[in-house]
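So the structure is just underneath, and the comments pick up after that.
Hydrogens, waters and symmetry mates are skipped; everything else that's a heavy atom, side chains included, is used.
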Amino acid sequence: LLGGACLGVTRMLLVGHPAGGVIAVIGIDGSATLEGATVTLPFGFMVVRVARDGSVVWVVTAEGAFATDATADASGALHVVGFVRDEMRIAGQVLRRTTGSIAAFHLSLGDDGSFERLTGLASSEAIVYTSVSVDAGGVVIAGKFSGSVDIAGSVYDASGLEDAFVIAYDAVGEQRWHRVLGGPGTDSFWDVVALPDGGVLLAGGTDGTVVIDGITVTSTGAPQGWLVRLRVDHTCAAQRTYAGVGTLSVSGDVFARLA
């Protein structure tokens, strides 16, 4: 699929398509060659739908953003999340960072690659959408932020250097619910998995004490892996830390086996 000078490829996400084949989200900071054609983006990504036989069905490019995660729903629609430096451009649409150093974005594309929706969220310092998962009502997105952030009219100040958050959106991009979680240290979510029972599993890292709905975990001082399970009513069912994991994320599938 990719050939020639691929030094500009910074990241590749592969998402299975319900009809077979895959969708590749390829980060580019420079130039890459796709089936003989050169794609040049100073900072961005391209989305490539690949059929079962390996042929390219469609290609969409986005400039000015970094994709951290992607997933497809049962219809084949794609959801991509990440962060924007200054402004993101795709399909004639522009998402500008209004405050802080980086802003979060959520991009939705139809099964045919058509543009559906581009939304963003900014904080006074920095905010990133790190992971996305499909649930029965739409999508659930996890991330982290520093400074202060306004989520659907509610303003939150990070308790420490960074706080973690999770936001659920419906099929048309309207928020359903959200939670901001963290303590006096650095807390972040890197993976989110929507569970069959309607709950959510969140994985990330913490280096301090976090209290959620009366349940407390305390890091031993060094950064540790952090697991949070929310019930269908978004209250905390359990949380725990894992020594030796540090700030690196552990995949949601691994955490699901531990929960």
Out of curiosity, [X] [atom1] to [Y] [atom2], how far, rounded to the nearest 0.5 Å?
X: I90; Y: L109; atom1: CD1; atom2: CG; result: 5.0 Å
X: D233; Y: W177; atom1: CG; atom2: CH2; result: 10.0 Å
X: D207; Y: S219; atom1: CG; atom2: OG; result: 6.0 Å
X: M12; Y: I28; atom1: CE; atom2: CD1; result: 9.0 Å
X: I151; Y: L121; atom1: CD1; atom2: CG; result: 5.5 Å
X: I102; Y: S123; atom1: CD1; atom2: OG; result: 8.0 Å

Do [Y] and [X] meet the salt-bridge criterion of a basic N to acidic O distance under 4.0 Å?
X: R176; Y: D170; answer: no
X: R179; Y: D213; answer: yes
X: D197; Y: R229; answer: yes
X: E162; Y: K144; answer: yes

Closest contact, heavy atoms only, [X] versus [Y]:
X: T98; Y: A122; answer: OG1-CB, 3.9 Å
X: A65; Y: F105; answer: CB-CE2, 3.7 Å
X: H79; Y: V132; answer: O-CG1, 4.0 Å
X: C236; Y: R231; answer: O-NH1, 2.9 Å
X: S148; Y: D157; answer: CB-OD1, 2.9 Å
X: S146; Y: L161; answer: CB-O, 3.2 Å

Test item: [X] side-chain N/O and [Y] main-chain N/O as donor-acceptor pair under 3.5 Å:
X: S188; Y: A164; result: no
X: T209; Y: T218; result: no
X: E116; Y: L78; result: no
X: R97; Y: G100; result: yes
X: R117; Y: A171; result: yes
X: R89; Y: G64; result: no

Tell me, with the steps shown, if W226 and F189 meet ring-ring contact (aromatic ring centres under 6.0 Å, His included). CA-CA 8 Å; W226 180 34; F189 288 143; 4.8 Å; yes

Output, in order, the C-alpha distance, side-chain angles, deciding distance and verdict of side-chain contact (heavy atoms from CB on, under 4.5 Å) for L181 and D163. CA-CA 6 Å; L181 305 171; D163 272 3; over 6 Å; no

Just grab all the side chain to side chain donor-acceptor pair (under 3.5 Å) pairs involving residues 12-26, residues at least two apart or on different chains. H17-R49, H17-D111

If we only count heavy atoms from C-beta on, is the [X] to [Y] side-chain gap below 4.5 Å?
X: V192; Y: L201; value: no
X: V149; Y: V155; value: no
X: D86; Y: V84; value: no
X: E63; Y: F45; value: no

Do we get R85 above F43's six-membered ring, with its NZ or CZ under 6.0 Å from the centre and within 45° of the axis? yes

Between H178 and Y169, ring centroids under 6.0 Å: no

Hydrophobic cluster membership, with links at side-chain heavy-atom distances under 4.5 Å among I/L/V/M/F/W/Y: are [X] and [Y] in one?
X: I167; Y: I127; answer: yes
X: L14; Y: V59; answer: yes
X: F83; Y: Y129; answer: no
X: V140; Y: Y156; answer: no
X: F115; Y: V47; answer: yes

Qualifying residue for side chain to side chain donor-acceptor pair (under 3.5 Å) with S131, from D69, D191, T71: D69

With respect to V48, which candidate in I26, V60, V25 satisfies the side chain to side chain contact (heavy atoms under 4.5 Å, CB included) definition? I26

side-chain contact (heavy atoms from CB on, under 4.5 Å) between I212 and V228: does it pass, once the steps are laid out? CA-CA 9 Å; I212 308 175; V228 178; 4.1 Å; yes

